[in-house]
Novice: 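Got a structure here, written out as structure tokens. Questions coming.
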Amino acid sequence: MPQLGQSLTRLDARAKVTGDAQYPGDINLPGQLWMKVLFARRPHARIKRLDTAQAERAPGVARVFTARDVPVNEFGLGAKDAPVLVADKVRWVGEKIALVVAETEAQAEYARDLIAVEYDDLPAIIDPRDAMKPGSAQVHPAYPGNVIKHIPIRKGDVAQGFAQSDVIVESEYHTPAQEHAYLQPEAGIAYTESAFSIDDENRVTVIVAGQWTHEDQEQIAHALGLRLDQVRVIYPAIGGAFGGREDMSVQIILALAAIKLNRPVKIIWSREESIIGHHKRHPMWLKSKWGATRDGKIIAAQVEIISDAGPYTTTSTKVLGNAAFGVVGPYEVPNVQVDAYTIATNNIVSGAFRGFGGPQAHFQAETQMNKLAEKLGMDPVEIRLKNVLREGSLLSTQTPLPGGKVSLPQIVEKCADEFGWSQKSKIENIVLSVAKDRKSKIGYGFACALKNIGFSFGYQENAWAKVELHGAAEIDQVIVYHAAAEVGQGTHTALAQMAANALGVPLEKIELRASDTATSENSGSVSASRMTYIGGNAIKGASERALKKWNDEERPAIAEYKYLAPKTTNYDPETGKATPNIAYGYVAQAVEVEVDTETGHVRVARVTCADDVGHAINPRLIEGQIEGAVIQAQGWTIQENFQSKNGNVLTPHLSTYLIPGILDVPDRVDSVILEFPDYNGPWGARGMAEMPFIPLAPAIIAAVHDATGVWFDEFPLTPWKVLEGLKKKLDADRFARG
Ligand code: MOS
């Protein structure tokens with residue numbers, strides 16, 4: 001019975017549609033208390049005086065927590081360089097100063113506002129390009145010169161490459177921050193013992209939404225000075241993540257309060273608290289010089305990346321690694337020079353967000369490519385086919401791509417075909433949206449990308465799974481233990497389909513026990529498009545081993561398996577030489593936009609997105625990922641406009657930070673799924689959830705240029721920015737005419 005390649009209904013569909021699904025904020029326990037956080041709400045300051053006396057006496061207050069209550073007051077993903085609660089120095093607006101726990105949420109909020117804090121405000125360090133100059137004030141004692149990380153890549157000789165180039169394009173790009181805007185703001189509940197608990201272990205349990213149960217467990221245990229087995233993390237339903245739940249938000253503080261008070265403690269952040277309280281996509285500045293021969297072969301690329309990390313590391317060094325890798329796009333370039341920096345500032349913390357540095361890097365690479373095509377009078381698809389990576393091509397890290405077929409030529413061609421790229425001069429025939437009047441201009445844009453699967457860069461990728469087969473003559477019941485976080489992407493369904501397929505049983509027989517550190521070992525993060533591939537290999541391995549035991553008459557047949565992916569290496573510190581990743585996915589997009597030259601509005605009419613997913617485990621879920629990624633990337637490119645001034649967030653509500661609504665979505669998103677198997681993927685599957693985000697910004701920018709003749713090297717393309725660009729062009733054209 002084929003279980004793969006079927007658009008089976010998601011396991012969580014019914015509960016989510018009926019409202020039965022329990023998200024962290026839906027869970028209540030008898031005797032629970034409520035927590036509110038006092039955020040600093042200033043970018044850079046020293047705490048002169050912190051007085052909680054009045055708050056402690058307020059009605060209903062159980063306790064007020066400050067830095068001195070945290071046993072090991074540090075946390076962080078890449079480095080434990082951030083305090084759980086600030087003792088002396090505030091470094092960004094979302095810094096937590098104190099926690100109030102009270103009988104009701106209103107009482108906690110009332111008491112929080114009675115905490116008196118006196119600050120000495122310090123000048124905020126805002127522009128990373130200034131922060132890295134000699135003499136700049138220092139944001140964090142661990143980062144002299146404010147450089148958290150510098151990654152150089154050297155391949156060939158760019159000077160020689162430029163000397164041989166017939167055309168050169170030089171540009172300076174900027175890409176903006178982005179808020180994850182998941183449906184469910186941060187929330188959770190923690191308890192030390194309760195009727196809700198399935199056992200009486202002496203430990204603290206935290207029910208929360210995250211992306212990696214075992215990483216949350218580790219961070220909680222570290223900060224509270226506990227052993228791992230004294231902390232249990234459970235994920236219930238999760239309302240979106242997109243990288244925004246990789247860092248700690250409420251995990252540690254809930255566990256702290258529950259332990260100290262021995263009562264369940266609950267918190268739900270408001271949307272405003274969520275927006276100021278968790279990290280954003282890294283803003284980046286990219287200085288870029290590319291050279292090509294007359295016949296369209298790219299021979300040199302020199303790129304400098306400056307990425308704004310905010311004050312703490314979190315995932316910034318990993319995101320930088322991905323960006324440094326992505327700046328040459330999915331092309332084989334013989335001469336490459338990259339210098340990538342991630343810089344400490346007092347802006348909101350930057351961190352993981354779908355694509356993980358890939359979108360920023362590819363915006364630069366793909367726009368450079370489109371500009372070169374224009375200069376050479378060459379079609380954007382044609383120039384790509386001359387340069388895309390193929391089997392045996394050497395990356396900028398001087399190693400070939402793993403996994404077998406490098407399908408970029410097929411992806412690019414298929415996308416162009418399905419979109420009708422070569423017929424777009426007679427596009428009237430296929431266009432859905434007809435320009436309303438002469439003020440509306442239609443344009444077309446093309447871009448492509450590759451996306452690595454997994455963190456890699458020397459990290460040993462791994463995932464754990466356990467499979468239990470129950471029954472006598474036949475397998476009646478299958479229990480699959482796994483820690484993958486179902487954040488809405490459908491991973492539980494895909495993993496169950498893979499188990500069913502490996503065992504030859506219908507999906508209904510699979511019972512998933514997931515996302516609980518008490519019942520599963522480490523399956524890793526749902527990040528970096530890794531779970532289908534790495535988690536899937538663990539499920540496959542455990543299923544096959546359990547089935548063998550079953551066939552050897554063991555009852556029940558139980559097998560555990562820890563998948564270890566092929567080894568990778570990190571960048572050489574001088575040349576950047578590396579075997580960086582275990583696998584890749586490939587993607588191309590063509591878009592049609594309509595630009596209203598009177599109002600400056602850009603509307604995306606149509607997107608064709610072709611993705612090589614290796615093996616489509618559940619095609620409908622893949623279409624969901626493609627459509628979701630396209631809309632999210634469209635928001636980043638056109639509409640979303642994260643504004644901060646001097647480190648203070650000016651857009652902390654969804655009324656000021658505008659994400660795409662139903663009226664903004666394209667008329668059509670055509671998902672084209674290709675399946676060139678990866679040799680090491682489970683049944684050939686590649687990860688794919690980030691890929692469709694990556695090429696959209698440069699494709700839209702190219703389409704807007706096609707419509708208006710203006711290159712926008714930064715976005716979002718708000719109406720104001722579009723009108724400004726059009727006016728600049730008008731003035732320049734007038735000047736040129738004299
Ligand atoms: Mo991600 S941005 O690797 O959750």
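Start at 1 and go down the list; that is how both ligands and their atoms are numbered.
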Novice: Which atoms of ligand 1 sit under 4.0 Å from any heavy atom of R354?
Specialist: 2 (S)
Novice: Judged by modelled atom types alone, do Y182 and S274 share a side-chain donor-acceptor pair under 3.5 Å?
Specialist: no
Novice: What atoms of ligand 1 come within less than 4.0 Å of a heavy atom belonging to G243?
Specialist: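 Those qualifying, in numeric order: 1 (Mo), 2 (S), 4 (O).
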Novice: Is the shortest distance from a Lys or Arg side-chain nitrogen in E486 or R10 to a carboxylate oxygen in the other one below 4.0 Å?
Specialist: yes
Novice: Within the 4.0 Å heavy-atom shell around F353, which atoms of ligand 1 are there?
Specialist: 2 (S)
Novice: Within ligand 1, which atoms have a heavy atom of Q211 less than 4.0 Å away?
Specialist: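 Result: 4 (O).
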Novice: Can you list the ligand 1 atoms lying under 4.0 Å from a non-hydrogen atom of A352?
Specialist: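 Near A352, meaning under 4.0 Å from one of its heavy atoms, ligand 1 has 2 (S).
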Novice: Output, in order, the C-alpha distance, side-chain angles, deciding distance and verdict of side chain to side chain contact (heavy atoms under 4.5 Å, CB included) for E521 and K562.
Specialist: CA-CA 9 Å; E521 287 181 33; K562 185 176 178 181; over 6 Å; no
Novice: Under 4.0 Å between a side-chain nitrogen and a carboxylate oxygen: does that hold for R530 and E461?
Specialist: yes
Novice: Which of the numbered atoms in ligand 1 are below 4.0 angstrom from a heavy atom of A528?
Specialist: 1 (Mo), 3 (O)
Novice: For ligand 1, which atoms, with element, lie under 4.0 Å from some heavy atom of E690?
Specialist: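 Here the atoms of ligand 1 in question are 2 (S), 3 (O).
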Novice: Is the distance between the ring centroids of F715 and F363 under 6.0 Å?
Specialist: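 Close enough - the centres of the two rings lie under 6.0 Å apart.
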Novice: Taking side chain as C-beta onward, heavy atoms only, is V319 less than 4.5 Å from T342?
Specialist: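 No, every pair of side-chain atoms sits at 4.5 Å or beyond.
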Novice: Can you tell me the protein heavy atom closest to atom 1 (Mo) of ligand 1 and the distance?
Specialist: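 Going by distance alone, atom 1 (Mo) of ligand 1 is nearest to E246 OE2, 2.9 Å.
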